[in-house]
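Have a look at the structure below, then the notes.
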Amino acid sequence: MFGQAQAFSGFSVDDLGEARRFYGETLGLQVEETGQGDMRMLTLTLGSGARVLVYPKETHTPATFTILNFPVDDIEAAVAELERRGVTLERYAGFDHDEKGIVRVGGDGPTAVAWFTDPAGNVLSVLQET
């Protein structure tokens, strides 16, 4: 029924201006603001072309799961650049982080991951395969 639909996901933030700056300036994503007054929202365009809706919510609660994953070829370089841009990595109990905050894993899929949050507290990750 929806196999060909141009579906998109979305998430809330508590401050649309801070989100626009973080996703556009800090992470370098294409950000478009639409709407007026209480109906303002952002559309993020990811490198894949997928779009994500970001909307303000007065009663926002940060997502307790990873809302966006950013695959990279070199996680060390990506983490260094995030830190240079003022982003602090998260460290979660139960994971063995290295001194940079990167978790290394074996097997299929991502072999290294590091988590960080947006200004609204939503969790994002940078990950590397191989």
Side-chain angles (χ1 to χ4, degrees):
M1 177 170 155
F2 295 120
Q4 300 303 311
Q6 296 296 312
F8 59 91
S9 65
F11 59 89
S12 70
V13 296
D14 54 359
D15 184 321
L16 210 57
E18 283 294 317
R20 184 181 340 97
R21 280 185 286 285
F22 180 76
Y23 287 99
E25 295 173 18
T26 304
L27 298 187
L29 299 179
Q30 179 182 334
V31 179
E32 179 184 354
E33 186 169 341
T34 57
Q36 302 176 36
D38 292 341
M39 295 301 294
R40 291 181 325 131
M41 56 191 71
L42 304 175
T43 300
L44 308 179
T45 301
L46 307 178
S48 65
R51 296 185 315 179
V52 179
L53 180 69
V54 181
Y55 56 95
K57 184 175 178 185
E58 192 172 303
T59 59
H60 168 74
T61 300
T64 58
F65 54 90
T66 307
I67 60 167
L68 287 173
N69 298 286
F70 296 98
V72 295
D73 292 328
D74 183 347
I75 196 166
E76 303 270 344
V79 163
E81 183 62 17
L82 284 169
E83 290 178 333
R84 190 188 72 73
R85 293 175 181 225
V87 175
T88 302
L89 296 182
E90 298 293 310
R91 287 174 169 74
Y92 296 110
F95 291 98
D96 186 22
H97 300 81
D98 68 13
E99 67 281 352
K100 296 177 182 176
I102 300 170
V103 175
R104 313 251 178 213
V105 294
D108 295 334
T111 57
V113 61
W115 293 277
F116 58 101
T117 60
D118 70 6
N122 296 310
V123 180
L124 302 99
S125 83
V126 59
L127 53 89
Q128 178 179 328
E129 296 189 63
T130 2

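Since the model is a prediction, treat every value here as computed from it, not as a measurement.
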Heavy-atom pair with the smallest gap, counting every atom of [X] and [Y]:
X    : Y    : answer
G10  : V52  : CA-CG1, 4.2 Å
G101 : A114 : O-CB, 3.8 Å
R85  : E25  : NH1-O, 3.3 Å
A78  : V126 : CB-CG2, 3.8 Å
K57  : S12  : CB-CB, 3.7 Å
L16  : E33  : CD2-OE2, 4.5 Å

Do [X] and [Y] have side-chain heavy atoms sitting under 4.5 Å apart?
X    : Y    : answer
L68  : L46  : yes
D15  : F22  : no
F70  : L82  : no
T88  : T117 : no
F95  : E90  : no
V54  : F11  : yes
V123 : F65  : no
V79  : F116 : no

Do [X] and [Y] belong to the same hydrophobic cluster, where Ile, Leu, Val, Met, Phe, Trp and Tyr are linked whenever their side-chain heavy atoms lie under 4.5 Å apart, directly or via other members?
X    : Y   : result
V13  : L44 : yes
V31  : M41 : no
V103 : L89 : no
Y55  : L27 : no
V105 : Y92 : yes

Neighbour count above 12 (heavy atom, 6.0 Å) for E83 CD: yes

Donor-acceptor pair, [X] side chain versus [Y] backbone, under 3.5 Å?
X    : Y    : value
S125 : L127 : no
Q128 : I75  : yes
D96  : R104 : no
R51  : T43  : no

Steps toward side chain to side chain contact (heavy atoms under 4.5 Å, CB included) verdict (E18, R21): CA-CA 5 Å; E18 283 294 317; R21 280 185 286 285; 3.0 Å; yes

CG (L42) and OG1 (T34) are apart, to the nearest 0.5 Å, by 7.5 Å

Rounded to the nearest 0.5 Å, how far apart are CD of E32 and OG1 of T45?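 One finds 7.0 Å between CD of E32 and OG1 of T45.
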
Would you call K100 and E81 a salt bridge, taking side-chain N to carboxylate O under 4.0 Å as the test? no

